[in-house]
Every structure is written in structure tokens, then in C-alpha cells.
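Taking it in order: structure first as C-alpha cells, then the write-up.
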2 protein chains.
Amino acid sequence: MKLSTKGRYAVMAMVDLARHAQVKPVSLSDIATRQEISLSYLEQLFARLRRAGLVKSVRGPGGGYRLARGSADTRVSEIILAVDEPISATRCTEMGATGCRADRSKCLTHDLWEELGNQIHLFLSSVTLLDVLERKLAPRFLEAPAAANAAANTESSMAAAS
Amino acid sequence: MKLSTKGRYAVMAMVDLARHAQVKPVSLSDIATRQEISLSYLEQLFARLRRAGLVKSVRGPGGGYRLARGSADTRVSEIILAVDEPISATRCTEMGATGCRADRSKCLTHDLWEELGNQIHLFLSSVTLLDVLERKLAPRFLEAPAAANAAANTESSMAAAS
DNA sequence: CAAAAACCAACTGCGTCACTCGGATTTAAT
DNA sequence: ATTAAATCCGAGTGACGCAGTTGGTTTTTG
């Protein structure tokens, strides 16, 4: 999962859409002025979002976009995956068993990137548009037991010893 | 924290260095052939790693690089922060209280990106080079999902972020 | 019909990435 | 002393994605 400002723009726009599309569809020019994003750039982003089935469009005057599903059923990870094109799979990333698993010494880091991708996806798919609107992000990640924090800041001995 | 293939190259090289620098320093040409990375590109990466204090250099024939600290005391997050230049801080990201906090509606997503950055940094700083070598990555993150949530309250995660 | 909106395609300036080239310095080995 | 191995250094290059622009077309409402 790629993390770029492009995905951030898309999420900003989708949050704006979820916030203002209560009664009638929201035009992209409204979002553009509110979020200070270029209209044509928004068009490109929403073309992808529409193809991904995340929004529905209404053409003609008074038209605009609505969420295809509810704001509680639209996850941030879906938005980012919709607008970012899939990773280039340059070296070892994400290629199948043939490309990388064969040579173990070269791809010691493979598991690391895979697990990092899992973490990111886990976090972003745990947050819905409604969560962002209500500023409740990923309660599972904010439970914050103090013990975990202490461990997180001083785990050098742990990691080294084990 | 930016995630690019550049940081991945740096981590690959540093893992290779940690693996082979037992007795004598490791030359970049060795790493280049083993990891299939261009030598001059490695030179640029190691210039940054050296400036960041992660490696030490030995010049002349038989020279090369060593880890400045032990492999158990070198964290993946440090490597990535060393080679990736700081984020461009384009729109709202990471700017202080003045830039973004003022307009709440525009930056509903601010907390989301901040927390995502915290998650990524927390994960990558919990993995050392030794962990990668021994394929023990962040046992806390591989436990049962309920207990594995690396939780961070605001202060500690800010402190860890940088 | 006119205006508002979604649609669409092509192009542009810019920055980063991964890499190359051509050196210079340091230092061990002969 | 010479050679060669290595780090250092700066400049430049092709490709690519990002963010935006231009200039339309279609659809639909009033």
C-alpha cells in the first residue's frame, strides 16, 4: 500500500463529501473551494473513486457525488487503494514465490516490508469516514495501555535480549 | 516518515552489512554485487548513513563500512529516516499549530495522518537489524490481535515520532 | 436554449528516484 | 615509490509520478 499525498487528497475530499452530502449531492467545485484542491485534479481522483464503487455520480445541474455506501461503511484503506496505482513491484516486493523466496539471503527484509504493509493496512482499514468525521480514530489503536507505551519506548533491551 | 524504495535499499544494505561485518569492514562493492544495487547509489546512501552516525567508514584497501553501533542497537526506523529527506510538508502535514489547527473543517484528516505516522514509526523502531537477521520481527506485532495493538497515547507517540 | 455539472484526454512543470560518469582522496600491499 | 583498493564527492541523466492546466464533450435542470 502506497502512501502519498495523492491518497491524502482523496481522503480529504471523501471526508468533505461525507460531511456535506446529507441531502443533495455535492459538486466537485464545492469540494475544490472548501479543500483548496484543483477541480480538474479532483475530477481525476473521483473518476477512480467512482470506478472503485466508492461514490456515485449525478450528472446535470444540481448534480454531484454521493457516497455509494454509508460513511460508516467506507474505509480509508479503500480510498487510498482506489486512487493510488498499485506498487511498481520493482525488486522483491510482492512478487510471488519464484522471484524472491528462492534467494533467502537477498530478501531478509521481505518479511519486514510485508509485515509493515500489513500494519498499515490494518490501521487504515480500521478507520471509516464516520470515524474521521467524529474524530474517533481506530479505538483499538488508541486504547493505550500504559504498559505498552513503556515497552514501546524502552524496548531496546527486550528486542536485543530476545 | 516517508516510505519509498530508497529506504528499502538502505535497509537491505544495512542488513547485509550487519550480516557480513563480523571481522573486517565490508566494502560497498561487495554489498553491491550481493544485493544487486548500483555501487554509486550505495555510496550516496552510505554517505547519509555515515552522517547520521549509523555506520563508520574505513578508507583504503581492505576498508569498507562497519556498523557504528551493534546490530541489536540499530533500528530500521533510523535507517529510513537517515536516507529519506524529510517530507515536503506541503499542505497541512506536520506544520505547527498555526497552519492547520486553525481551520478544523479542512484538517479533519490531520489526526488520522499523524496517528498513521505514529503507527509506522512505532513498528519500524521496534525492529532492529538483529531482528531482521534472525527473522524475529516485532513479536509484539505478531501476537494475538487483541494484545498486539501497539497503543500510543498522544504524548509518547509524539515523542517517538520526530 | 443556457447554464451547471459530470466526464474525458492530452499536456506541462516539477521533484524524486535510481543510476552513471568522472574524478579526488586515503591507505594497504607490493 | 608505485599501484590498486577503497571511500568520498559533485554533477548530470532518463524515467516516472504528482499536481495542475487546458480545452473540450456530454448529460440534465430550469
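Naming: A, B, ... by sequence-line order, numbering from 1 per chain. The basis for the numbers below is simple: all heavy atoms, side chains too, and nothing from hydrogens, waters or symmetry mates.
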- Task: Check whether any side-chain heavy atom of B/I120 sits under 4.5 Å from a side-chain heavy atom of A/L3, and report yes or no.
- Result: yes
- Message: I want to check one thing: is the phosphate of C/dT20, taken as OP1 and OP2, less than 4.0 Å away from some side-chain N or O of B/S38?
- Response: yes
- Task: Look at B/K2 and C/dC17 and indicate whether a side-chain polar atom (N or O) is within less than 4.0 Å of OP1 or OP2.
- Result: yes
- Of all pairs that satisfy side-chain hydrogen bond (donor to acceptor under 3.5 Å, both in side chains), the ones with a partner from residues 61-84 of chain A, not counting sequence neighbours: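 Output for this query lists A/S4-A/D84, A/R69-A/E78.
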Distance-only criterion, 3.5 Å: show the donor-acceptor pairs between side-chain atoms of residues 22-30 of chain B and protein atoms not counting sequence neighbours.
from, atom 1, to, atom 2, distance (Å)
B/Q22, NE2, B/R19, O, 3.0
B/S27, OG, B/S29, OG, 3.1
B/S27, OG, B/D30, N, 3.3
B/S27, OG, B/D30, OD1, 3.4

- Item | Partner residues of A/R48 under the salt bridge (charged side-chain N to carboxylate O under 4.0 Å, His left out) criterion, sequence neighbours left out | A/E85
- State which residues pass salt bridge (charged side-chain N to carboxylate O under 4.0 Å, His left out) with A/E134; sequence neighbours excluded, sorted by chain then number.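 Salt bridge (charged side-chain N to carboxylate O under 4.0 Å, His left out) list for A/E134, sorted by chain: A/K136.
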Without decimals, in angstroms, what is the distance between [X] [atom1] and [N] [atom2]?
| X | N | atom1 | atom2 | value |
| --- | --- | --- | --- | --- |
| A/I80 | D/dC18 | CD1 | P | 12 Å |
| A/Y41 | C/dC7 | OH | P | 18 Å |
| B/K6 | C/dG15 | NZ | C1' | 12 Å |
| B/D84 | C/dC17 | CG | C1' | 11 Å |
| A/L42 | C/dC8 | CG | C1' | 16 Å |
| A/L45 | D/dT21 | CG | P | 14 Å |
| A/I37 | D/dC18 | CD1 | C1' | 13 Å |

- Query: Can you give one letter per nucleotide of nucleotides 5-16 of chain D, 5' to 3': B if a protein heavy atom sits under 4.0 Å from the base, S if only from the sugar-phosphate, - if neither?
  - Reply: BSBBB-B-----
- Message: Holding to side-chain contact (heavy atoms from CB on, under 4.5 Å), I want the full list of residues that pass it with A/A52, two or more places apart in sequence or in another chain.
- Response: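 Partners of A/A52 under the side-chain contact (heavy atoms from CB on, under 4.5 Å) test: A/L54, A/A82.
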